[in-house]
Amino acid sequence: MAKFSPPPGTADIFPEEMPLWHRLEDTARRIFPLYGYGELRTPIFEFTDVFKRGIGDETEVVQKEMYTFEDRGGRSLTLRPEGTAGVMRALLNTDIMNGNEKRVFYIGPMFRGERPAAGRRRQFHQIGVENAGRVAPELDAENMAMMMQYLDELKISGAKLLINTRGVQADRKPAEESLNSYFQQHVGDMCDDCKTRVSRNVWRILDCKQERCREIVKNAPDYVSCYTAESRAYFDRVCELLTSFKVDFEIDKQLVRGLDYYAHTVFEVVHPGIGAQSAIAGGGRYELYLPENKKPIVGVGFAAGLERLLMVQETLNVAPPVSGKGPVFLVSMGTQARAFNMKLAQDLRSESVPVVVEVEDKSMKAQMRAANRANAAFAVICGDDELASGKLVCKDMQEGSQEEISQTELKSFLLKTYKGV
RNA sequence: GUGGAUGUAGCUCAGUUGGUUAGAGCGCCUGGUUGUGGCCCAGGAGGCCGUCGGUUCAAAUCCGAUCUUCCACCCCA
């Protein structure tokens, strides 16, 4: 039991739940190409510097959540805690830095050494999208529209899109100063965490959950007014476009995201009812520096947490995908019949008909029970009589009716019902 | 990393103020006359009561430690 449980924060995903996962993945593979995106697979671990530089040395993720280890050559490697940095590392091998746009998406596990809780795992799974190489409000808006279409296809209703702007690097200094001087005045009334945030990272104070801090945040200065007119126009354009796409959104000035590389638009999709971790997808525009890269890579993208999407689908009672027709269950009475059935099974499988055979010498009753449990569509019975007459008994498990049928007739019947041939 | 709950058969859970061979439902297995499932009936298998240590004549039940799971915080998807 406990002895055989997987490491904390990880989980085995069994065949029974796989259809739900495949729906998330298949939908991504169907929707994202409509916008010109292709799937990219990058390694699950990278050189540690890719994340240190890419995500930001100061971030919580990098400081205390990474699974870092040395390989035999003494290189420092890290299990990827997010997708963007690795994707950009891969795209650097293309001509992305010359203003060429790249559109890719990825699906896979991420690793963060946090304490597990509702919607938070140490190995979790994300589907993410990156549009790299160009800067344009059109791309930001399109990215969010695509994300919302994806969620819509997954029947995720009641999700709220929150957006905000972080401006560009030059905007942040004046904005930070204005926030700083305000919070300095209220330091005494803030929670312990926020007291240190005043000097370390004022932005974090904006999304503190403590009641007393929220009161203070309410009257915080409008830092966006410190941005340049250009940055504000960029954001306004993004909002206009979203409106014209009929994508509902809400501007949330308290939305700040934890990774250093964000610039301009940031956004998050939240859904109530899955616990404290209500963000099911999030992203934004970024300027990302990789080791030995003087110029940042620009792009816009988002990632959705698959476990959280599944949680939402569960609370919304989204119907599970309809499963296909159950298999053909071959019932054998006697060893000769079983040998016959084993061969027949191979023959049918080579024609893509799903077949299950009982290999132990069990009673007919037991085999029929097994057929029922396997959700078989048909049970085909073979015993001494059938071997002698050359006619098998085929029972429709749904109808309960059965008939004698020759092997060749059976085969063409099954091909027709399973493949429509 | 901090805090709060939790841990008994494959699953969901009972187990009274510590007292003999630890229970139920579901699931599983075998039967209910010769080779027919789902319903019903009967029987059966399956637990060192998370682990280690302590208190006691006696511990699933009390105490401690540890681990797991769950939830919250920090942070994020």
Side-chain angles (χ1 to χ4, degrees), chain A residues 1-11 14 16 24 55 58-66 81-84 108-128 147 151 191-194 196-197 200-201 204 207-210 255-259 267-271 274-283 301-312 326 329 331-334 337 358 360 362-386 393-402:
Chain A
M1 328 164 55
K3 207 195 304 184
F4 297 113
S5 63
T10 68
F14 283 94
E16 295 73 45
L24 302 183
I55 304 171
E58 294 301 307
T59 59
E60 295 274 327
V61 169
V62 169
Q63 288 205 332
K64 42 189 230 193
E65 294 177 359
M66 297 208 302
E82 58 93 62
T84 304
M110 305 293 163
F111 306 85
R112 262 128 85 160
E114 292 187 288
R115 245 339 223 285
R120 186 195 289 131
R121 304 275 85 118
R122 288 184 175 170
Q123 174 175 340
F124 60 104
H125 299 78
Q126 286 188 333
I127 285 182
M147 175 177 72
L151 297 178
C191 72
D192 290 345
D193 283 325
C194 285
T196 65
R197 283 171 180 146
R200 290 230 343 252
N201 190 346
R204 283 257 144 274
D207 68 352
C208 181
K209 284 174 185 162
Q210 299 291 323
L255 177 65
V256 295
R257 297 181 52 79
L259 310 179
F267 53 90
E268 207 166 275
V269 179
V270 294
H271 199 285
I274 58 168
Q277 312 306 315
S278 58
I280 56 175
F302 70 86
L306 300 196
E307 283 82 355
R308 292 186 187 178
L309 294 181
L310 292 177
M311 286 166 77
V312 173
F329 195 102
V331 174
S332 328
M333 297 307 290
E358 170 55 55
E360 272 186 74
K362 293 201 172 171
S363 70
M364 164 135 302
K365 184 173 188 158
Q367 292 189 62
M368 290 304 287
R369 262 205 272 258
N372 190 58
R373 204 176 327 117
N375 195 29
F378 303 98
V380 176
I381 301 165
C382 181
D384 293 339
D385 296 349
E386 287 73 17
V393 174
C394 179
K395 178 167 187 172
D396 184 321
M397 296 296 280
Q398 186 83 46
E399 303 296 324
S401 59
Q402 65 182 46

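Convention: sequence-line order gives letters A, B, ...; per-chain numbering from 1.
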Report task. Quick one: label Gly119(A) by what it contacts on the DNA or RNA (base, sugar-phosphate, nothing), any heavy atom closer than 4.0 Å. Result -> base

Query raised in the report: What one-letter contact string describes nucleotides 41-49 of chain B from 5' to 3', where B marks a base within less than 4.0 Å of any protein heavy atom, S marks contact via sugar-phosphate atoms alone, and - marks no contact?
Result: ---------

Requested in this report: Taking atom C1' in both rU6(B) and rG32(B), compute the distance separating them and give it to the nearest angstrom.
Outcome: 44 Å

Report task. Looking only at side-chain atoms of Asp385(A), point me to the closest of rC71(B), rA77(B), rG35(B). Result -> rG35(B)

Query raised in the report: For the pair made of CD in Gln367(A) and P in rG37(B), what is the distance, rounded to whole Å?
Result: 12 Å

Query raised in the report: Under a 4.5 Å cut-off applied to non-hydrogen side-chain atoms, are Glu358(A) and Val331(A) in contact?
Result: no

Requested in this report: For Ala371(A), report the nucleic acid contact type (base, sugar-phosphate, nothing); a contact means any heavy atom under 4.0 Å.
Outcome: nothing

Query - Spacing of the P atoms in rG54(B) and rA14(B) (rounded, Å) - result: 30 Å

**Report entry** Closest nucleotide among rG31(B), rC75(B), rA77(B) to the Ser363(A) side chain
**Finding:** rG31(B)

Query raised in the report: Reckon Gly9(A) touches a base, only the sugar-phosphate, or nothing at all at heavy-atom distances under 4.0 Å?
Result: sugar-phosphate

Query raised in the report: Between rA77(B), rG37(B), rC75(B), which nucleotide gets closest to the side-chain atoms of Lys395(A)?
Result: rG37(B)

Report task. Identify whether any heavy atom of Glu386(A) sits under 4.0 Å from a base atom; if not, whether one sits that close to sugar-phosphate; answer base, sugar-phosphate or nothing. Result -> base

**Report entry** Span that lies between the P atom of rG31(B) and that of rA45(B), in whole angstrom
**Finding:** 16 Å

Query raised in the report: Lys365(A) has an atom NZ; how far is it from atom P of rG37(B), in whole Å?
Result: 6 Å

Report task. Remember a base hit wins even if backbone is also touched, and classify Gln277(A) as base, sugar-phosphate or nothing at under 4.0 Å, heavy atoms. Result -> base

**Report entry** Base of rG37(B) paired with side chain of Asn372(A) (donor-acceptor, under 3.5 Å)
**Finding:** yes

Query - Residue closer to the 5' end of RNA chain B, Met368(A) versus Met311(A) (nearest nucleotide) - result: Met368(A)

Query raised in the report: How far apart are the closest heavy atoms of Lys362(A) and Met333(A), and which atoms are they?
Result: O-SD, 4.5 Å

**Report entry** Span that lies between the C1' atom of rG25(B) and that of rU21(B), in whole angstrom
**Finding:** 23 Å

Requested in this report: Would you mind reading off the distance between Glu114(A) atom CD and rU69(B) atom C1', rounded to a whole angstrom?
Outcome: 17 Å

Query raised in the report: Among rA77(B), rU36(B), rU68(B), which nucleotide sits nearest the side chain of Pro8(A)?
Result: rU68(B)

Query - Whole-angstrom distance between rC41(B) and rA5(B), as gauged at atom P - result: 43 Å

Query raised in the report: Separation of Lys64(A) atom NZ from rG1(B) atom P, in whole Å?
Result: 11 Å

Query raised in the report: Looking at rU30(B), rA77(B), rC75(B), which one has an atom nearest to any side-chain atom of Lys362(A)?
Result: rU30(B)

Query raised in the report: With a 4.5 Å limit on heavy-atom distance, are the side chains of Leu151(A) and Val312(A) in contact?
Result: no

**Report entry** rA58(B) and rG53(B), which share atom name P, separated by this distance in whole Å
**Finding:** 16 Å

Report task. Determine the minimum heavy-atom distance between Phe267(A) and Phe302(A), stating which atoms define it. Result -> CE1-CB, 3.6 Å

Query raised in the report: Are Arg257(A) and rC75(B) close enough that a side-chain N or O sits under 4.0 Å from OP1 or OP2?
Result: no

Query raised in the report: Where do Ala377(A) and Gly326(A) come nearest, in terms of heavy atoms and distance?
Result: CB-O, 3.5 Å

Query raised in the report: Is the closest side-chain heavy-atom distance between Phe378(A) and Phe329(A) below 4.5 Å?
Result: no

Query raised in the report: Distance between the P atoms of rG10(B) and rC49(B), in whole angstroms?
Result: 13 Å

Requested in this report: Grab the stems for RNA chain B, please: at least three consecutive Watson-Crick or wobble pairs, both distances below 3.5 Å, written as range with range.
Outcome: B:1-5 with B:69-73, B:10-13 with B:23-26, B:28-32 with B:40-44, B:50-54 with B:62-66

Query raised in the report: When you compare rC26(B) with rA65(B), how far apart are their P atoms, in angstrom units rounded to a whole number?
Result: 40 Å

**Report entry** Protein-nucleotide distance (Glu65(A), atom CD; rA77(B), atom C1'), rounded to Å
**Finding:** 12 Å

Query raised in the report: With a non-hydrogen cut-off below 4.0 angstrom, is Ile127(A) in contact with a base, only sugar-phosphate, or nothing?
Result: nothing

**Report entry** Side-chain heavy atoms of Cys382(A) within contact of Ser332(A), under 4.5 Å
**Finding:** no

Report task. Determine whether Met368(A) and Met397(A) make a side-chain contact, defined as any pair of heavy atoms from C-beta on separated by less than 4.5 Å. Result -> yes

Report summary line: Regarding the side chain of Met333(A), the nearest nucleotide among rG35(B), rA72(B), rC75(B) is rG35(B)

**Report entry** Residue Arg121(A), side-chain atoms from C-beta onward, closest of rC71(B), rC75(B), rU68(B)
**Finding:** rC71(B)

Query raised in the report: Charged N to carboxylate O under 4.0 angstrom, Glu268(A) versus Arg257(A)?
Result: yes

Query raised in the report: Quick one: which of rC75(B), rU36(B), rA77(B) gets closest to the side chain of Ile381(A)?
Result: rU36(B)

Query raised in the report: From rU36(B), rA72(B), rG37(B), pick the nucleotide closest to the side chain of Arg115(A)?
Result: rA72(B)

Query raised in the report: Hey, is the side chain of Gln210(A) poking within less than 4.0 Å of OP1 or OP2 on rC73(B), counting only N and O atoms?
Result: no

Report summary line: Note: for Asp396(A) and Ala281(A) on RNA chain B, the residue whose nearest nucleotide lies more 5' is Asp396(A)

Query raised in the report: Under the salt bridge (Lys or Arg N to Asp or Glu O under 4.0 Å) test, which residues partner Arg121(A), sequence neighbours left out?
Result: none

Report task. Check whether any side-chain N or O of Gln126(A) sits under 3.5 Å from a backbone N or O of Gly128(A) as a donor-acceptor pair, and report yes or no. Result -> no

Query raised in the report: Whole Å only: how far is the CD atom of Gln402(A) from the C1' atom of rG35(B)?
Result: 10 Å

Query raised in the report: Counting N and O atoms only, with roles assigned by atom type, does the side chain of Glu399(A) sit under 3.5 Å from a partner on the main chain of Asp396(A), one being a donor and the other an acceptor?
Result: no

Query raised in the report: Base, sugar-phosphate, or nothing: which does Gly283(A) touch, judged by heavy atoms less than 4.0 Å apart?
Result: nothing

Query - Euclidean distance, atom CD of residue Glu307(A) to atom P of rU69(B) [Å, nearest integer] - result: 15 Å

Query raised in the report: rG1(B) P sits how many Å from Met66(A) CE, rounded?
Result: 17 Å

Query raised in the report: Heavy atoms, side chains only, cut-off 4.5 Å: are Val380(A) and Lys395(A) in contact?
Result: no

